[in-house]
Amino acid sequence: MKWITRSHVHVDRVACPWLITRFIDSDAEFSFVPNNQLDQLEKETGAIPFDAPGVELGHHAGRCSFESIILKYDLKDPGLLRLAKIVHAADVAEDIDSDPIARGLEAIASGYSLRFPQDRENLRHQFEVYDALYAWCRLEILRAERSD
């Protein structure tokens with residue numbers, strides 16, 4: 001499947017490709033384009049748009065795009081749902097303090113954007129961060145279940 005979003009990735013536009021690749025479409029192809037080219041390229045390529053204004057897999061009803069993708073694809077993994085709370089808080093400015101890890105994730109995303117301004121290279125490096133954070137989320141869920 002082909003997927004398309006805005007260029008200059010940050011928290012949600014890194015987390016979404018990670019989510020798509022790991023849980024929905026392991027052979028996903030991503031395009032990163034200026035906002036004013038999204039509609040045209042979506043029509044030309046048939047790519048699924050995400051994290052862009054007015055698209056189904058974007059911000060809706062208080063959700064960030066990561067959460068919209070989880071909802072659309074009916075993903076139920078508890079570790080993934082915990083990660084969604086972190087991504088939401090890091091991506092939605094007014095909710096930054098709703099999760100204690102959010103400011104750290106936002107800082108990491110900013111640092112990677114400075115180090116790797118090319119979107120594909122940025123993703124390649126940050127996927128390791130999301131793999132590690134997801135592993136931590138799964139461990140936290142297990143710990144919580146054991147303490148109950």
Side-chain angles (χ1 to χ4, degrees), residues 1-35 37-38 42 47-148:
M1 294 165 52
K2 294 181 180 181
W3 302 78
I4 191 169
T5 192
R6 298 170 291 137
S7 55
H8 307 296
V9 299
H10 199 57
V11 174
D12 216 7
R13 277 172 283 143
V14 174
C16 290
W18 176 86
L19 175 65
I20 291 164
T21 301
R22 298 298 193 257
F23 292 89
I24 298 165
D25 178 11
S26 61
D27 295 322
E29 296 177 30
F30 296 98
S31 294
F32 305 95
V33 300
N35 198 35
Q37 295 178 16
L38 271 171
E42 176 190 349
I48 301 167
F50 66 94
D51 199 37
V55 302
E56 178 185 11
L57 301 177
H59 286 234
H60 295 286
R63 293 186 311 269
C64 68
S65 302
F66 189 85
E67 294 167 303
S68 291
I69 293 171
I70 286 175
L71 183 65
K72 164 87 175 175
Y73 290 92
D74 198 31
L75 301 174
K76 305 279 189 201
D77 179 291
L80 195 56
L81 299 178
R82 174 64 184 103
L83 179 58
K85 291 178 182 181
I86 299 167
V87 170
H88 173 96
D91 189 60
V92 179
E94 57 269 13
D95 293 338
I96 190 75
D97 291 320
S98 66
D99 193 282
I101 298 170
R103 286 193 184 271
L105 182 58
E106 203 286 324
I108 288 167
S110 294
Y112 272 97
S113 292
L114 292 170
R115 291 188 64 214
F116 306 106
Q118 299 300 316
D119 292 327
R120 290 184 201 296
E121 183 180 21
N122 191 325
L123 286 185
R124 201 166 48 249
H125 290 282
Q126 282 202 69
F127 273 23
E128 287 290 322
V129 172
Y130 283 89
D131 286 338
L133 190 52
Y134 172 64
W136 177 86
C137 288
R138 291 185 58 170
L139 179 62
E140 288 298 300
I141 296 298
L142 285 173
R143 286 180 180 160
E145 288 172 354
R146 288 181 187 149
S147 70
D148 287 343

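Scope of the values below: all heavy atoms of this structure, side chains included, with no hydrogens, waters or symmetry mates. This is a predicted model, so every value here is computed, not measured. Numbering of residues begins at 1 and proceeds along the displayed sequence.
With rounding to the nearest 0.5 angstrom, the CZ atom of Arg120 is 6.0 Å from the CZ atom of Phe32. How far CD of Gln126 is from CG of Asp131: 11.5 Å, rounded to the nearest 0.5 Å. Taking CG of Leu81 as the reference point, atom CG of Leu75 lies at 8.0 Å (rounded to 0.5 Å). One distance of note links CD1 of Ile4 with CG of Leu38; it measures 5.0 Å at 0.5 Å rounding. Taken to the nearest 0.5 Å, the SG atom of Cys64 stands 9.5 Å off from the CG atom of Asp95. Going from atom CD1 of Ile48 over to atom OG of Ser31 covers 12.0 Å, rounded to the nearest 0.5 Å.
Not a single salt bridge (charged side-chain N to carboxylate O under 4.0 Å, His left out) links Lys2 to another residue, sequence neighbours left out. Qualifying side chain to side chain donor-acceptor pair (under 3.5 Å) partners for Asp91, counting only residues two or more places apart in sequence or in other chains: His59. Qualifying side chain to side chain donor-acceptor pair (under 3.5 Å) partners for Arg63, counting only residues two or more places apart in sequence or in other chains: Ser68. Remark: Asp119 pairs with no residue by the side chain to side chain donor-acceptor pair (under 3.5 Å) rule, at least two apart or across chains. Asp97 is linked by a salt bridge (charged side-chain N to carboxylate O under 4.0 Å, His left out) to Arg103, counting only residues two or more places apart in sequence or in another chain. For Asn35, there are no side chain to side chain donor-acceptor pair (under 3.5 Å) partners two or more places apart in sequence or in a different chain. In this structure, Glu29 has no salt bridge (charged side-chain N to carboxylate O under 4.0 Å, His left out) partners at least two apart in sequence or on a different chain. Not counting sequence neighbours, His8 has no partner by the side chain to side chain contact (heavy atoms under 4.5 Å, CB included) test. Residues meeting the side chain to side chain contact (heavy atoms under 4.5 Å, CB included) test with Glu42, sequence neighbours left out: Asp39, Pro49. In this structure Leu142 satisfies the side chain to side chain contact (heavy atoms under 4.5 Å, CB included) test together with Glu145, sequence neighbours excluded. Under the rule for a side chain to side chain contact (heavy atoms under 4.5 Å, CB included), the partners of Ala90 that lie at least two apart in sequence or sit in another chain are Val11, Ala102, Leu105, Glu106. Residues that satisfy the salt bridge (charged side-chain N to carboxylate O under 4.0 Å, His left out) test with Glu140, not counting sequence neighbours, are Arg143.
Ring geometry for Trp3 against Phe50 counts as perpendicular: the plane angle is over 60°, on a 0 to 90° scale with 30° as the lower cut. Aromatic ring pairs are classed by plane angle as parallel below 30°, tilted from 30° to 60° and perpendicular above 60°; the pair Phe116 and His125 is parallel.
Annotation: Glu94, atom CD; neighbour count of heavy atoms from other residues, nucleotides and ligands within 6.0 Å is above 12. Within a 6.0 Å sphere centred on CD of Gln118, other residues, nucleotides and ligands contribute 12 heavy atoms or fewer.
By the 4.5 Å heavy-atom criterion applied to side chains, Thr21 and Tyr130 are not counted as neighbours. No side-chain heavy atom of Cys137 sits less than 4.5 Å from a side-chain heavy atom of Lys85.
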Checklist entry - Would Arg82 and Asp99 satisfy side chain to side chain contact (heavy atoms under 4.5 Å, CB included), going step by step from the backbone distance to the final call? => result CA-CA 10 Å; Arg82 174 64 184 103; Asp99 193 282; 2.5 Å; yes
Item to check | Pair Leu133-Trp18, side chain to side chain contact (heavy atoms under 4.5 Å, CB included): steps then yes or no | outcome: CA-CA 12 Å; Leu133 190 52; Trp18 176 86; over 6 Å; no
Next on the checklist: The test is side chain to side chain contact (heavy atoms under 4.5 Å, CB included); show your working for Asp77 and Ile141 and say whether it passes.
Outcome noted: CA-CA 10 Å; Asp77 179 291; Ile141 296 298; over 6 Å; no
Checklist entry - Passes side chain to side chain contact (heavy atoms under 4.5 Å, CB included), Phe30 versus Ile20? Steps please. => result CA-CA 10 Å; Phe30 296 98; Ile20 291 164; 3.8 Å; yes
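In terms of heavy-atom proximity, Ser113 sits nearest to His10 at OG-ND1, 3.9 Å. Among all heavy-atom pairs drawn from Ser65 and Gly58, the shortest one is OG-CA, 3.3 Å.
Of the candidates Tyr73, Tyr134, Phe66, Tyr134 is the only one forming a ring-ring contact (aromatic ring centres under 6.0 Å, His included) with Phe23.
Between Asp51 and Arg13 there is a salt bridge, with a side-chain nitrogen of the basic residue lying less than 4.0 Å from a carboxylate oxygen of the acidic one.
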